[in-house]
2 protein chains.
Amino acid sequence: MSAVSSTRAAFSSTPSTGVRSETVRSANLAIILRELHFHGPASRSELVARTGLTRSAIGALVGELVKADLVTEQRAASDGSPGRPSPVAAPVVDRNVTLAVDVAVDSLAVAAVGLGGVVLHAERVDRPRERVAVDATIDDIVAMVRRVEAVLDPNCRIIGIGVGVVGLVNRTDNSVSIAPNLGWHDVAFGARLQHALGSRTEVLVSNDADLAALAEVRRGVAAGIRDVLYVWGEVGVGGGLVSRGEPITGAAGFAGEIGHVPVNPDGRPCRCGSVGCWETEVGEGVLLERSGRSPDGGRDAVDALLADADAGVPSALEALAVQARWLGIGIAGLINVMNPSMVVLGGLLGRVHPYISDQVDAEIERRALESSRRGVVLVPSALGGDAPLMGAAELAFERLLADPLGTLRKVSTSR
Amino acid sequence: MSAVSSTRAAFSSTPSTGVRSETVRSANLAIILRELHFHGPASRSELVARTGLTRSAIGALVGELVKADLVTEQRAASDGSPGRPSPVAAPVVDRNVTLAVDVAVDSLAVAAVGLGGVVLHAERVDRPRERVAVDATIDDIVAMVRRVEAVLDPNCRIIGIGVGVVGLVNRTDNSVSIAPNLGWHDVAFGARLQHALGSRTEVLVSNDADLAALAEVRRGVAAGIRDVLYVWGEVGVGGGLVSRGEPITGAAGFAGEIGHVPVNPDGRPCRCGSVGCWETEVGEGVLLERSGRSPDGGRDAVDALLADADAGVPSALEALAVQARWLGIGIAGLINVMNPSMVVLGGLLGRVHPYISDQVDAEIERRALESSRRGVVLVPSALGGDAPLMGAAELAFERLLADPLGTLRKVSTSR
DNA sequence: TCAGTTTGTCATCTTCACCGACAAACGTCG
DNA sequence: CGACGTTTGTCGGTGAAGATGACAAACTGA
């Protein structure tokens with residue numbers, strides 16, 4: 001079981017284990033820390049209002065977090081209102097840090113993200129196709145992590161390490177089952193990276209589209225929205241499903257492979273071995289092909305296509321129209337399945353969407369049930385290409401946010 | 001917000017509100033009551049082992065449940081093991097009852113279900129197409145409820161009332177948005193039925209496929225399995241999605257309309273207005289049509305078709321083969337989206353499955369990603385046609401199981 | 001019948017949040 | 001500039017709930 005779900009089990013809706021008063025403390029500390037992490041600094045009185053706890057309880061809880069160096073308190077700047085000013089609690093950004101890693105197809109990124117979601121330092125390097133092997137990737141990541149660590153506060157704690165990988169990730173053991181774009185197959189990536197880093201904290205690995213969805217829901221366009229469908233498309237199409245504010249992982253963590261839903265059973269063969277998968281109709285390759293270009297023209301070819309569309313070139317408009325139809329068909333099906341209140345489009349699909357939004361909307365209106373689609377909004381991703389990286393950081397923070405002091409005890413002894 | 005999610009919010013993973021010691025008590029009472037409701041009678045020492053609470057805590061908690069007449073304690077039958085025997089706690093079935101209602105296409109069912117999931121009394125009546133109007137339906141339900149109530153223990157409490165309807169149900173206000181098979185449109189069904197029954201407890205309404213899924217996960221073939229895809233098909237196709245043991249409802253409760261996922265965009269028109277929805281390829285109508293029968297032959301025609309298949313009649317086998325292909329295509333897509341560990345087939349699809357399981361498996365193997373489908377099992381429904389009714393009862397129990405004493409206070413004052 | 005084992009019960013302790021009184025720190029008004 | 005009202009932190013006391021540990025009860029088996 002992943003760390004996220006296990007630490008939360010104590011307070012889930014069907015807890016097998018009993019609740020003790022100690023659990024109450026940990027839950028209330030978690031509430032406050034989550035509040036500060038996600039919504040930024042807040043005065044004590046704001047915390048009182050939001051949690052419903054008393055002033056004395058909040059005082060004690062914040063005090064404990066301060067003692068643990070997770071939170072600082074500062075005098076409030078006077079805002080003109082009467083009464084004694086309430087000190088403002090803020091997360092200690094510099095000394096509570098997660099490392100986030102993104103293993104993309106042609107680039108590698110590492111970031112250090114402080115509590116509160118502040119990016120302290122980030123690096124992204126392009127890399128040639130020859131260096132995507134597992135060992136080379138791990139070597140490169142370790143080197144980047146060392147560079148990033150050198151910049152950090154020497155007294156800082158590494159709370160967790162989160163990794164996003166373009167591929168199918170088994171979240172029960174942080175291994176990569178298959179990553180076609182990297183040529184990986186059954187790699188115990190989490191364990192190997194952890195060993196290479198010499199870290200005692202578990203390296204959490206997840207699918208990059210799932211992490212992008214997490215990032216958008218936590219800090220992006222979908223912040224605060226509980227039922228979200230995130231669709232990420234470049235060469236392939238992936239997705240992240242969020243229900244009640246929590247990502248749907250599936251039994252082993254493979255959920256969200258929406259690019260391989262059959263939409264055209266007699267269509268093109270897919271690299272997954274099936275035929276007519278959604279990504280064979282909305283991926284970058286077909287779009288370029290339909291506009292008369294080479295399917296592996298890459299980003300530059302897409303730019304040219306969109307320029308053509310701006311200029312009104314018929315072949316470009318036609319290719320986009322076909323794209324719009326299939327995009328609408330796939331999204332409509334997923335709306336019927338999930339009934340989200342927001343659909344977020346990332347990657348290529350986010351770039352293309354402004355050109356075809358009307359056609360996509362029309363197709364959805366035709367294909368999705370009226371009840372299910374009522375109130376749904378389609379929006380482009382807010383975090384762009386760094387969404388998986390930000391999601392990886394959030395994944396690494398989850399353990400701390402679920403049980404602050406308990407996690408800290410483990411982190412401090414692991415050094 | 002539905003009662004289920006609101007009562008659980010206090011202990012969900014992201015509680016906005018603080019946790020008090022009173023909440024601890026209510027959570028622990030809930031744990032014990034859930035244990036007894038779902039897993040049957042248990043000795044106190046078993047409860048100690050399962051919850052991790054101490055003997056004294058369990059004693060006090062069980063005592064409180066006994067005082068509330070939710071639980072009885074009896075001396076254990078000696079089982080040959082040494083030591084002082086632990087009294088066995090069992091739910092009080094007869095006096096804690098929910099009413100379950102199932103509004104199906106051509107029948108109506110009402111049941112009284114006692115705590116622990118025991119069906120105390122159930123009635124199902126077929127009804128002609130002329131009586132499906134809202135008012136007639138409500139009249140019939142009220143009459144059936146009165147008959148059922150007459151059989152119950154005069155001292156029993158009605159804990160809740162749950163209703164399943166063949167149609168799209170808005171769970172935020174228990175209204176039926178649209179039920180094509182009944183000709184209903186925007187009906188405040190929950191409120192109207194509640195008024196007609198003269199009840200003060202909220203009548204909870206949900207989609208019948210969602211409820212069938214709930215029933216299968218709580219007490220059927222999928223008991224204890226956390227990620228389940230339930231596919232229910234007769235004339236139309238519906239579904240219930242379960243992730244982490246909890247049903248996925250979507251933003252307004254419309255999630256699970258898997259029958260309207262586009263699988264054949266240039267296929268048959270669907271009664272929903274779209275084209276090539278999954279149910280146009282796997283519903284009862286096409287299956288009969290493909291075997292050379294009238295599409296509205298109903299259950300008898302299906303029986304004849306299956307008899308033909310047993311006898312090896314080519315047209316029947318061919319129709320089933322086509323059915324198998326489309327069934328596999330749809331399920332494969334949903335496996336890629338959800339990564340369940342079990343797929344449950346209900347209704348017609350459950351009946352047909354034994355005839356075509358190999359072909360369906362083969363299609364899934366071709367269409368679903370290897371990682372996602374690994375370990376997935378397809379099984380027919382265990383509860384059959386009564387699954388929605390049983391699910392309605394479970395829906396009605398949820399409030400009590402989330403906060404036993406708090407709910408009881410409301411129930412007792414409402415009479 | 002007696003030792004061994006398991007379990008219920010009871011008094012006491014610890015933890016944690018609530019409550020109420022008081023003091024501190026601010027703005028405002030005369 | 002100082003008194004007043006307002007808001008908020010702090011501190012001691014209270015109550016609820018589970019943990020602890022000693023002791024009694026109830027069963028098995030020799």
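Keep in mind that what you see is a predicted model, and the values were worked out from it rather than measured. Lettering of chains follows the sequences in order, A, B, ..., and the numbering in each one begins at 1.
Straight-line distance from the CG atom of B:Leu53 to the P atom of C:dT7: 16 Å, rounded to whole Å. Atom pair B:Arg84:CZ and C:dT6:C1' shows a separation of 9 Å (rounding to whole Å applied). Here the P atom of nucleotide C:dA17 and the CG atom of A:Leu29 are 8 Å apart, to the nearest Å. One atom, CD1 of A:Ile58, and another, P of D:dT7, lie 19 Å apart when rounded to the nearest Å. Between the C1' atom of D:dT10 and the CD atom of A:Glu73 lies a distance of 13 Å, rounded to the nearest Å. To the nearest angstrom, P of D:dT10 lies 15 Å from CD of A:Glu64. The interatomic distance linking A:Arg20 (CZ) with D:dG18 (P) rounds to 11 Å, in whole Å. Rounded to an integer number of Å, the gap from CG of A:Leu47 to P of C:dA17 is 14 Å.
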(request) Take B:Arg95 and B:Asn155 through the test side chain to side chain donor-acceptor pair (under 3.5 Å) and record every step on the way to the result. (result) CA-CA 6 Å; B:Arg95 287 192 297 280; B:Asn155 297 326; over 6 Å; no
| request: Go through the steps for A:Arg219 and A:His37 under the test side chain to side chain donor-acceptor pair (under 3.5 Å), then give the verdict. | output: CA-CA 10 Å; A:Arg219 305 191 174 277; A:His37 178 65; 3.1 Å; yes
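Within the 4.0 Å cut-off from OP1 or OP2 of D:dA19, at least one side-chain nitrogen or oxygen of B:Thr54 is found. Side-chain nitrogen and oxygen atoms of A:Ser21 include none within less than 4.0 Å of the OP1 or OP2 phosphate oxygen of C:dC16. Distances shown here put every side-chain N or O of B:Ser86 at or beyond 4.0 Å from the OP1 or OP2 atom of C:dT6. Residue B:Arg44 has a polar side-chain atom (N or O) positioned under 4.0 Å from OP1 or OP2 of C:dT9. For D:dC27, the OP1/OP2 oxygens have a side-chain nitrogen or oxygen of B:Arg75 closer than 4.0 Å. The side chain of A:Asn28 contributes no N or O atom lying less than 4.0 Å from OP1 or OP2 of C:dC16.
Looking at A:Glu73 and A:Arg44, a side-chain N of the basic residue comes within less than 4.0 Å of a carboxylate O on the acidic one, giving a salt bridge. At a threshold of 4.0 Å, the pair A:Glu398-A:Arg34 counts as salt-bridged, since one of the basic side-chain nitrogens sits closer than that to a carboxylate oxygen.
Residue A:Ser56 is in base contact, counting any heavy-atom pair closer than 4.0 Å across all strands shown.
The side chain of A:Val24 lies closest to C:dC16, out of C:dC16, C:dC18, C:dC26. Nearest to the side chain of A:Pro85, among D:dT28, C:dA25, D:dT8, sits C:dA25.
Summary of the strand contacts: B:Gly59 and A:Ala60 both lie near DNA chain C, and taking for each the nucleotide with the nearest heavy atom, the more 5' one is attributed to B:Gly59. Each of B:Gly83 and A:Ala57 lies near DNA chain C, and the nucleotide nearest B:Gly83 is the one positioned closer to the 5' end. Checking B:Arg55 against B:Leu61, the closest nucleotide of DNA chain D that is more toward the 5' end is the one next to B:Leu61.
Put simply, the side chain of B:Val242 does not reach to within 4.5 Å of the side chain of B:Glu216, judged on heavy atoms.
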